[in-house]
Amino acid sequence: MSEPARNFIRARIDADLAEGRVSGVVTRFPPEPNGYLHIGHAKSICLNFGIARDYAGRCHLRFDDTNPIKEDTEYVESILEDVRWLGFDWGPHLYYASDYFEQLWTWAEALVLAGKAFVCDLSAEEVRRTRGTLTQPGTPSPYRDRSPSENLDLFRRMRAGEFPDGSRTLRAKIDMAASNLNLRDPVLYRVLRATHHRTGDAWCVYPTYDWAHGQSDAIEGITHSICTLEFEDHRPLYDWFLEQIGPAARPRQIEFARLNLTYTVMSKRMLLQLVREGHVSGWDDPRLPTVAGLRRRGYTPASLRAFADRIGVAKADSTVDIGLLESCIRDDLNPSVARAMCVHRPVRLVLVDWPEDRVEWIEAPWFPDEPGRMGSRRVPFGKVAWIEQDDFMEDPPRKYYRLAPGREVRLRWGCIVKCVDVVRDAVSGAVTEVHCTHDPTTFGALPADGRRVRGILHWVSAAHAVPATLRLYDRLFSVPNPASPPEGRTFLDLLDPGSLEVLQVWVEPSLAGCDPGTRWQFERRGYYVADSRDCRPGHLVFNRIVPLRDSWAKELARTA
RNA sequence: UGGGGCGUAGACAAGCGGUAAGUCACCGGUCUUUGGAACCGGCAUCGCAGGUUCGAAUCCUGCCGCCCCAGCCA
């Protein structure tokens, strides 16, 4: 693994270490279990766990579970699985903010006693109205000056369940005129009767993110609390709370820009909507940027880690070209995955000068660039083969060096063949068969006369071909930034209806018993994975992970 | 028109006063029984305008542009 790129966060940690502000590094990844992890989370996971690894520190996995109405154990489980799958280990450091509810409560009572927090009877609506605006200060709550003892009494009765949901909150007493709205007497606790996935019905008051997060960091001895940019405005509050409770060591919050990717959406709200409304097959739909989706698609953990390294970490809002992700998975798979042949859109190729029943079994290495590696398989070569429709053209454009009337190509691992005739459908006129002669001297050999044959076609013997289903996945959306649709439209209008194409295809017989989860390169086409759920012997299903770079397509696009 | 951030090539991103890393994309070329892979080469004066300095992407000043904040979400 190469050196992780330098970034401003590591620079800050270096400085903290050099100045003796900290003696070790402890980070944390703090997801809220209210949805599945996506590649943006993967960036954060790689950042936090990567720093812990490189600084010989540790990284905690902590669930930020302070809002029971949105959270669920299904999400907790998927998150655990995803982080593990990405290749990271939290060791014994698995925590839940809900584990700290009692401690948080105790600190809150201390705040009340110190006159730094009060119970407010304003409704949510009234709080909003009195908060002021961006340019005007808010007005203090009429309950702001209650005595500490009255506040403590009320606060305890909130917990005891004496008040209805939403009727009262505990608020910090900071500054209603602060230019940073987060400091205008923020809410610490709300009354909420909801069954929590871990604490059940033990509580009817729940701490807010602001009150829970920094304190949880402090409890765990986190040194560097790395979060995304939108929390930058919360840092003064984060620090204010810590100052009140005065822990031995103060964690430091550092913010970085979240990941945006072209041709997809990353917001939990939009992902949830895609899943709930059935626009995709589930959280693990291979077109989704969720970790589960990428896994099902066939992406490897290593490719995602490489991606995280390549995109870097900074504070500028940015959108990464999804082509970079695709190049990461190609890079990982190219040297590690065996080659095989699969014909996607078949047309018959008949060798007119080949005996009807003759079959040659050809030795073909799994790794053509490294023939010794992992050995080879034997592929049958007979009179009739399937080839790709687009590997034959009656009237080819310039630079097309595949099959055409009178032209020669090599059948991969086989011999050179020459097109001598075509058979058409009587009605449509479409070519249904390509007739060729073959040059028997070119099996495993260059033409003796030195003639140059550039085109090489993949193929599958028709008599031995095994049927399979291919799912050709493409980008989910048809535009680079679906999250900001044009006036009057929603991101759903921008879904690409062609993002999934299902094909019935022919694969070479050596793939017949292929195990779910195994990856292949189908030569000249792309990388594929035998679907983890639907692929089984006798019923082969492959997902396209990513197509190969296609310079011919590029050439066509250029001349078009 | 309050506060907090950010602006380096088409896309990411190093750089921290000494004369613009790297990656993807793109463009050439070599090689090739995958039009794959590999390899070689090309591709920026740093939002704008002033100033300080022998010297500035890096320091100062003023503009311009973009993002975030008015949940009892995180």
Side-chain angles (χ1 to χ4, degrees), chain A residues 5-8 11 30-32 34 64-67 69-71 120 122-125 127-129 131-138 165-171 178-184 186-192 205-206 208-210 212-213 227-236 255 257 259 262 268 306 309-328 330-331 334-335 339 341 368-369 399-402 410-414 416 442 444-446 453-458 480 521-526 547-555:
Chain A
R6 280 217 62 72
N7 61 55
F8 76 98
E32 182 189 14
N34 68 344
D64 226 331
D65 54 353
T66 57
N67 185 5
I69 62 181
K70 288 189 175 176
E71 297 154 7
C120 180
L122 257 25
S123 68
E125 168 61 24
V127 169
R128 188 182 324 130
R129 279 209 314 270
R131 187 159 18 232
T133 68
L134 294 178
T135 53
Q136 293 166 295
D165 286 12
S167 62
R168 281 181 163 85
T169 56
L170 182 75
R171 292 224 261 164
S179 50
N180 180 341
L181 310 221
N182 293 121
L183 265 18
R184 317 241 265 226
V187 171
L188 274 64
Y189 280 91
R190 68 274 211 189
V191 180
L192 193 60
V205 290
Y206 290 94
T208 56
Y209 165 84
D210 285 311
H213 201 87
C227 63
T228 44
L229 248 31
E230 66 271 28
F231 292 103
E232 208 149 21
D233 286 341
H234 294 244
R235 186 167 8 111
E255 312 84 9
L259 171 66
T262 55
K268 278 192 175 182
D309 279 344
R310 286 210 227 171
I311 59 176
V313 179
K315 294 191 73 165
D317 290 308
S318 61
T319 302
V320 175
D321 185 340
I322 197 161
L324 185 58
L325 211 212
E326 295 171 345
S327 110
C328 288
R330 286 194 193 102
D331 258 21
N334 177 44
R339 316 281 127 127
M341 295 194 286
D369 293 340
K399 291 187 180 171
Y400 180 85
Y401 42 84
R402 278 116 93 152
R410 175 180 292 279
L411 294 179
R412 177 72 153 161
W413 307 123
I416 290 172
T442 55
L446 261 19
V453 175
R454 267 198 101 172
I456 297 162
L457 271 43
H458 60 278
Q521 184 199 98
F522 290 156
E523 291 200 70
R524 302 208 302 141
R525 299 258 88 127
L548 250 32
R549 285 184 68 223
D550 187 349
S551 51
W552 171 243
K554 210 178 289 175
E555 177 69 31

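Letters go in sequence order (proteins before strands), and every chain restarts at 1. Side-chain atoms are counted along with the backbone in the values below, which use heavy atoms only and exclude waters and symmetry mates.
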Options B/rA14, B/rU33, B/rC73, nucleotide nearest the side-chain atoms of A/Asn67: B/rC73
From C-beta outward on A/Leu229, which listed nucleotide comes closest to its side chain: B/rG5, B/rG2, B/rC72? B/rG5
Select base, sugar-phosphate, or nothing to describe what A/Thr133 touches, counting heavy atoms under 4.0 Å on all strands. base
How long is the line joining CZ of A/Arg310 and C1' of B/rG22, in whole Å? 11 Å
Name all residues meeting the side chain to side chain donor-acceptor pair (under 3.5 Å) criterion together with A/Glu71; count only those two or more places apart in sequence or in a different chain, and write none if there are none. none
From the list B/rG36, B/rA70, B/rC12, which nucleotide is the closest neighbour of the side chain of A/Thr319? B/rC12
Just compare B/rC68, B/rA37, B/rG4 and give me whichever is closest to any side-chain atom of A/Glu232. B/rG4
Strictly distance-based, threshold 3.5 Å: is any side-chain N or O of A/Asn180 a donor or acceptor partner for the main-chain N or O of A/Asp233? yes
Derivation of the side-chain contact (heavy atoms from CB on, under 4.5 Å) call for A/Thr169 and A/Leu122: CA-CA 8 Å; A/Thr169 56; A/Leu122 257 25; over 6 Å; no
Can you tell me how far C1' in B/rG51 sits from the matching atom in B/rG29, rounded to whole Å? 47 Å
For a quick check of understanding: with a heavy-atom distance under 4.0 Å over all strands, which category does A/Arg524 fall into, base, sugar-phosphate or nothing? base
Counting any heavy atom closer than 4.0 Å, what does A/Tyr189 reach on the DNA or RNA strands: base, sugar-phosphate only, or nothing? nothing
Between A/Val320 and A/Arg310, is a side-chain contact (heavy atoms from CB on, under 4.5 Å) present by the stated rule, with each step listed? CA-CA 10 Å; A/Val320 175; A/Arg310 286 210 227 171; over 6 Å; no
Minimum-distance nucleotide (side-chain atoms of A/Ser123 versus B/rU32, B/rG36, B/rC72): B/rC72
Name all stems that contain residues of RNA chain B, defined as runs of 3 or more consecutive Watson-Crick or G-U wobble pairs, both distances under 3.5 Å. B:2-7 with B:64-69, B:10-12 with B:22-24, B:26-30 with B:38-42, B:47-51 with B:59-63
For A/Arg168 and A/Val205: C-alpha separation, side-chain torsions, deciding distance, then whether side-chain contact (heavy atoms from CB on, under 4.5 Å) applies. CA-CA 10 Å; A/Arg168 281 181 163 85; A/Val205 290; over 6 Å; no
Which nucleotide in the list B/rC72, B/rG15, B/rU32 gets nearest to the side chain of A/Arg6? B/rG15
What is the separation between atom CZ on A/Arg235 and atom C1' on B/rG4, rounded to the nearest whole Å? 9 Å
Could you measure between the two C1' atoms, the one in B/rU32 and the one in B/rG17, and give it in whole Å? 49 Å
Quickly work out the A/Lys268 NZ to B/rG71 P distance and round it to whole Å. 20 Å
Is the shortest side-chain N/O distance from A/Arg410 to OP1 or OP2 of B/rU34 below 4.0 Å? no
At 4.0 Å (heavy atoms only), tell me whether A/Ile456 reaches a base, stays on the sugar-phosphate, or touches nothing. sugar-phosphate
Phosphate OP1/OP2 of B/rG71 contacted by A/Arg128 side-chain N/O (<4.0 Å): yes
Whole Å only: how far is the CG atom of A/Asp317 from the P atom of B/rU8? 11 Å
Can a side chain N or O of A/Arg171 be found less than 4.0 Å away from OP1 or OP2 on B/rC72? no
Rounding to the closest angstrom, what is the interatomic distance between B/rG47 and B/rG42 at atom P? 25 Å
With a 4.0 Å cut-off on heavy atoms, is A/Leu457 in touch with a base, just the backbone sugar-phosphate, or nothing at all? nothing
Would you say the base of B/rG36 and the side-chain of A/Asp369 have a donor-acceptor pair closer than 3.5 Å? yes
Among B/rA74, B/rU33, B/rC12, which nucleotide sits nearest the side chain of A/His234? B/rA74
Check every atom of B/rC24, B/rA13, B/rC27 against the side chain of A/Lys554 and return the nucleotide holding the closest atom. B/rC27
Taking any heavy-atom pair under 4.0 Å as a contact, classify A/Ala314: base, sugar-phosphate, or nothing. sugar-phosphate
Determine the Euclidean distance between corresponding P atoms of B/rA74 and B/rA11; express it in Å to zero decimal places. 36 Å
Reading RNA chain B from 5' onward, which residue's closest nucleotide shows up sooner: A/Asp65 or A/Glu523? A/Glu523
Check: A/Arg184 side chain, A/Arg131 main-chain N or O, donor-acceptor pair, under 3.5 Å: yes
If you look at every strand shown and take non-hydrogen atoms under 4.0 Å, does A/Tyr400 touch a base, only sugar-phosphate, or nothing? base
Answer yes or no: does a side-chain N or O of A/Arg131 lie under 4.0 Å from OP1 or OP2 of B/rC72? yes
Which part of the nucleic acid, if any, lies within reach of A/Ala212 when heavy atoms closer than 4.0 Å are counted: base, sugar-phosphate only, or nothing? nothing
Hey, which of these two, A/Pro368 or A/Lys315, hits RNA chain B nearer its 5' end, going by closest nucleotide? A/Lys315
Looking at every heavy atom in both A/Ala306 and A/Cys328, which two are closest together, and how far apart are they? C-SG, 4.2 Å
Between B/rC6 and B/rG41, how far apart are the P atoms? Round to whole Å, please. 37 Å
B/rG7 and B/rC16, which share atom name P, separated by this distance in whole Å: 15 Å
Output the rounded distance in Å from OH (A/Tyr206) to C1' (B/rG71). 18 Å
Test item: A/His234 and A/Pro186 side chains (from C-beta on) under 4.5 Å apart, heavy atoms: no
Taking only residues two or more places apart in sequence or in another chain, which ones pass side chain to side chain donor-acceptor pair (under 3.5 Å) with A/Arg330? none
Where the side chain of A/Asp321 is defined as all heavy atoms beyond and including C-beta, which of B/rG10, B/rU23, B/rU34 is the nearest nucleotide? B/rG10
Between CD of A/Gln521 and P of B/rU33 the distance, given in whole Å, is 16 Å
Check ion pair A/Lys70-A/Glu32 (N to O, under 4.0 angstrom): no
At less than 4.0 Å, is any side-chain N or O atom of A/Arg190 found next to OP1 or OP2 of B/rA74? Yes or no. yes
What I want to check is whether an N or O donor and acceptor connect the side chain of A/Asp233 with the base of B/rG3 at under 3.5 Å. yes
Between B/rU8 and B/rU23, how far is it from one C1' atom to the other, in whole Å? 15 Å
Atom-pair distance (CD on A/Glu555; P on B/rG36), nearest Å: 12 Å
Base, sugar-phosphate, or nothing: which does A/Gly444 touch, judged by heavy atoms less than 4.0 Å apart? base
Less than 4.0 angstrom between a side-chain N/O of A/Thr66 and OP1 or OP2 of B/rA74, yes or no? yes
If you measure from the C1' atom in B/rU19 to the same atom in B/rA56, how many Å do you get, rounded? 10 Å
Can you tell which of B/rA74, B/rU32, B/rG15 lies closest to the side chain of A/Glu32? B/rA74
Between B/rU33 (P) and A/Trp413 (CH2): distance, integer Å: 11 Å
Do any side-chain nitrogens or oxygens of A/Ser318 fall under 4.0 Å of OP1 or OP2 in B/rA11? no
